[in-house]
Amino acid sequence: MAIIVHKYGGTSVASLECMQKVASHIIAAREQGNDVVVVVSAMGDETDRLLEMAQAINPEPHPREYS
């Protein structure tokens, strides 16, 4: 049995329909007998909003804060 890592974010989780498609991919990987690790990042356009907020708090953050 393999460990499979799936990462989703942005437009792939931007709506309920998109999330359902993601869920079907995860289910398919699991049904193939794999252990599945799922990482979900910010929804569509949310990363830009979070970056703007961070910039408002600290205009010159350490580079590691953006990785």
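Note that the structure is a prediction, hence the values are computed from the model and not measured.
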Chemist: According to a hydrophobic-cluster definition based on side-chain heavy atoms being under 4.5 Å apart (Ile, Leu, Val, Met, Phe, Trp, Tyr only), do L50 and M43 belong together?
Modeler: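 Looking at the clustering, M43 is in a separate group from L50.
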Chemist: Do any pairs count as a salt bridge (Lys or Arg N to Asp or Glu O under 4.0 Å) and have a residue in residues 10-21, sequence neighbours left out, and if so which ones?
Modeler: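 Non-adjacent pairs meeting salt bridge (Lys or Arg N to Asp or Glu O under 4.0 Å): E17-K21.
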Chemist: Quick check on the hydrophobic clustering: are M19 and V38 connected, directly or via other members, by side-chain heavy-atom contacts under 4.5 Å?
Modeler: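 Yes, same cluster.
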Chemist: Taking only residues at least two apart or on different chains, which pairs with a member in residues 25-34 satisfy salt bridge (Lys or Arg N to Asp or Glu O under 4.0 Å)?
Modeler: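 Listed once each, the pairs are R30-D35.
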Chemist: Residues in side chain to side chain contact (heavy atoms under 4.5 Å, CB included) with A56, at least two apart?
Modeler: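 Not a single residue meets the side chain to side chain contact (heavy atoms under 4.5 Å, CB included) criterion with A56.
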Chemist: Taking only residues at least two apart or on different chains, which pairs with a member in residues 1-12 satisfy salt bridge (Lys or Arg N to Asp or Glu O under 4.0 Å)?
Modeler: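 Sorted pair list comes back empty.
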Chemist: Write down the atom of A29, the atom of V36, and the distance for their closest heavy-atom approach.
Modeler: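 What the structure gives for the nearest pair is CB-CG2, 3.8 Å.
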Chemist: Between T11 and A14, is there a donor-acceptor pair closer than 3.5 Å when you use the side chain of the first and the backbone of the second?
Modeler: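 No; zero donor-acceptor contacts below 3.5 Å.
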Chemist: Filter on side chain to side chain donor-acceptor pair (under 3.5 Å), then keep only pairs touching residues 47-60, sequence neighbours left out; what's left?
Modeler: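 Listed once each, the pairs are E46-R49, Q55-Y66.
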Chemist: How close do G9 and S41 get, heavy atom to heavy atom, and via which atoms?
Modeler: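 Minimum heavy-atom contact is CA-OG, 3.3 Å.
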Chemist: Looking at residues at least two apart in the chain, or sitting in another chain, which of them share a side chain to side chain donor-acceptor pair (under 3.5 Å) with H6?
Modeler: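 Side chain to side chain donor-acceptor pair (under 3.5 Å) list for H6, sorted by chain: Y8.
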Chemist: Running the 4.5 Å side-chain criterion over Ile, Leu, Val, Met, Phe, Trp and Tyr, what cluster does I57 land in, apart from itself?
Modeler: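 ILVMFWY cluster around I57 holds nothing else.
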